[in-house]
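Single-structure report; data block below.
Lettering follows sequence order; numbering is per chain, from 1. Being a predicted model, the structure only gives us computed values, none of them experimental.
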Number of protein chains: 2
Amino acid sequence: MESHLSITEVAAHTGLSAHTLRYYERAGLIAPVARAPGGQRRYAAADLEWIGFLLRLRETRMSIGQMQVFARLRGEGAASTAERRQMLETHLQEVEASIKAMQDAARALQAKIEHYRTLEASLQDTPKKTGRTKPCP
Amino acid sequence: MESHLSITEVAAHTGLSAHTLRYYERAGLIAPVARAPGGQRRYAAADLEWIGFLLRLRETRMSIGQMQVFARLRGEGAASTAERRQMLETHLQEVEASIKAMQDAARALQAKIEHYRTLEASLQDTPKKTGRTKPCP
DNA sequence: CTAAAAGTTTGAGTGCACTCCAAGTCAAGC
DNA sequence: GCTTGACTTGGAGTGCACTCAAACTTTTAG
């Protein structure tokens with residue numbers, strides 16, 4: 001069930017641009033992809049799986065530099081399992097802290113929105129208390 | 001209870017660098033700050049509050065460009081309340097989507113970590129099932 | 001067979017969010 | 001008064017993560 005997808009197909013499938021796929025390969029995030037006789041890239045299922053994982057790392061804001069380290073470790077095979085696990089554990093802790101920070105901030109934004117809502121209500125619905133819309137004499 | 005903090009004090013208090021505080025002011029994120037007779041910045045409590053809010057926006061990855069728009073609206077006063085609320089609502093939706101995406105990704109990372117753990121256990125503790133550590137004849 | 005579309009490479013360019021530099025001014029301690 | 005450190009400005013520089021350009025080759029449709 002080998003996929004043999006072209007770069008545009010993989011781009012469409014992953015949401016990355018063909019440019020970015022080549023860039024990732026050049027940067028060592030993706031190991032050299034198999035080629036068709038004419039030299040064009042043919043992505044296998046395993047490549048797609050790995051790219052999917054890279055996207056998880058990217059979604060959680062891992063830097064390209066860190067991903068390069070991780071990809072290199074992966075290339076070293078089973079011997080680097082512990083190191084890779086440690087990297088992920090460290091990263092995951094940062095991610096969880098970051099999620100908490102975003103949640104806190106989101107709550108603050110929500111509060112601000114509520115504040116604006118009550119403000120709008122008192123300005124538009126019933127300009128009585130703060131009646132500063134100059135409808136007087 | 002006016003604060004009158006120097007730029008270094010505000011930097012220490014907010015975690016932003018003095019460079020960044022000036023940059024934010026130049027960019028229009030922060031309205032021109034009051035000055036001491038000699039020309040040095042003196043931040044008031046209201047400035048700190050606003051900077052705190054900017055940090056919430058930054059934590060939730062609002063771009064500087066968007067913050068500039070928001071800050072400009074704020075400068076227009078109460079008339080822009082509805083527009084500001086709409087901006088925040090739109091932003092908050094994106095933030096919540098982004099949080100969900102990060103949570104999903106974090107779960108995937110957690111699964112990967114577990115996978116590595118079982119892998120390590122079967123490689124180190126009991127090389128029986130997959131005994132590929134060449135201890136044979 | 002030909003034309004258009006899609007692929008290849010290296011290297012350069014872009015946009016963002018800072019971050020620093022140089023040259024000068026101001027404030028505080030001795 | 002003098003030195004040291006904090007502050008000022010405009011503009012230049014940095015690092016990141018792409019993104020594109022140019023020149024070329026290969027594949028595909030008619």
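- When hydrophobic clusters are built by joining Ile, Leu, Val, Met, Phe, Trp and Tyr residues whose side-chain heavy atoms come closer than 4.5 Å, directly or via intermediates, A:I99 is not grouped with B:L92.
- Side chains of B:T81 and B:L73 form no contact here, defined as non-hydrogen atoms less than 4.5 Å apart.
- Atom CD of B:Q93 is separated from atom CG of B:L88 by 12.0 Å, given to the nearest 0.5 angstrom.
- Judged by distance alone, the side chains of B:Q110 and B:E114 do bring a donor and an acceptor atom under 3.5 Å apart.
- As rounded to whole Å, 15 Å separates atom C1' of C:dA5 from atom CD1 of A:I7.
- B:R26 is linked by a side-chain hydrogen bond (donor to acceptor under 3.5 Å, both in side chains) to nothing, counting only residues two or more places apart in sequence or in another chain.
- Within the 4.0 angstrom heavy-atom criterion, only backbone atoms of the sugar-phosphate kind lie near A:S6; the bases stay farther away.
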As a check on the pairing definition, encode DNA chain C in dot-bracket form, counting Watson-Crick and G-U wobble pairs whose two distances are under 3.5 Å, and using | for partners outside this strand. ||||||||||||||||||||||||||||||
Would you check, one step at a time, whether the test salt bridge (Lys or Arg N to Asp or Glu O under 4.0 Å) holds for B:E89 with B:R84? CA-CA 9 Å; B:E89 282 174 347; B:R84 275 182 276 163; over 6 Å; no
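- When side chains are defined from C-beta on, A:I7 does not count as touching A:Q40, because their heavy atoms never get closer than 4.5 Å.
- Scanning residues 21-29 of chain B for heavy-atom distances under 4.0 Å to DNA chain D yields B:R22, B:R26.
- Among residues two or more places apart in sequence or in another chain, the salt bridge (charged side-chain N to carboxylate O under 4.0 Å, His left out) test is passed with A:R72 by A:E76.
- Of all heavy-atom pairs spanning A:Y24 and A:L54, the tightest one is CD2-CD1, 4.4 Å.
- For the segment residues 59-68 of chain A, no residue has any heavy atom less than 4.0 angstrom from an atom of DNA chain C.
- Within 4.0 Å of B:R35, counting heavy atoms only, lie sugar-phosphate atoms of the nucleic acid but no base atom.
- As a whole-Å value, the separation of B:H19 NE2 from C:dC18 P is 13 Å.
- The span of DNA chain D lying next to chain A, judged by atoms under 4.0 Å from heavy atoms, is bounded 5' to 3' by D:dA17 to D:dT27.
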In sequence, state the C-alpha distance, the side-chain angles, and the governing distance for A:E59 and B:K100, and then conclude on salt bridge (Lys or Arg N to Asp or Glu O under 4.0 Å). CA-CA 10 Å; A:E59 275 168 357; B:K100 280 207 182 69; over 6 Å; no
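- Proximity of B:R58 to the phosphate of C:dC18: a side-chain N or O atom is located under 4.0 Å from OP1 or OP2.
- Under the 4.5 Å side-chain criterion, counting only non-hydrogen atoms from C-beta, B:L109 is in contact with A:H91.
- A:E25 and A:V33 get closest at one heavy-atom pair: OE2-N, 3.2 Å.
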Working note: A:Q68 + A:I64, criterion side-chain contact (heavy atoms from CB on, under 4.5 Å); need CA distance, chi angles, decisive distance, verdict. CA-CA 6 Å; A:Q68 284 172 330; A:I64 297 280; 4.1 Å; yes
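- Closest-nucleotide positions on DNA chain C for B:S17 and A:Q40 were compared, and the one nearer the 5' end corresponds to A:Q40.
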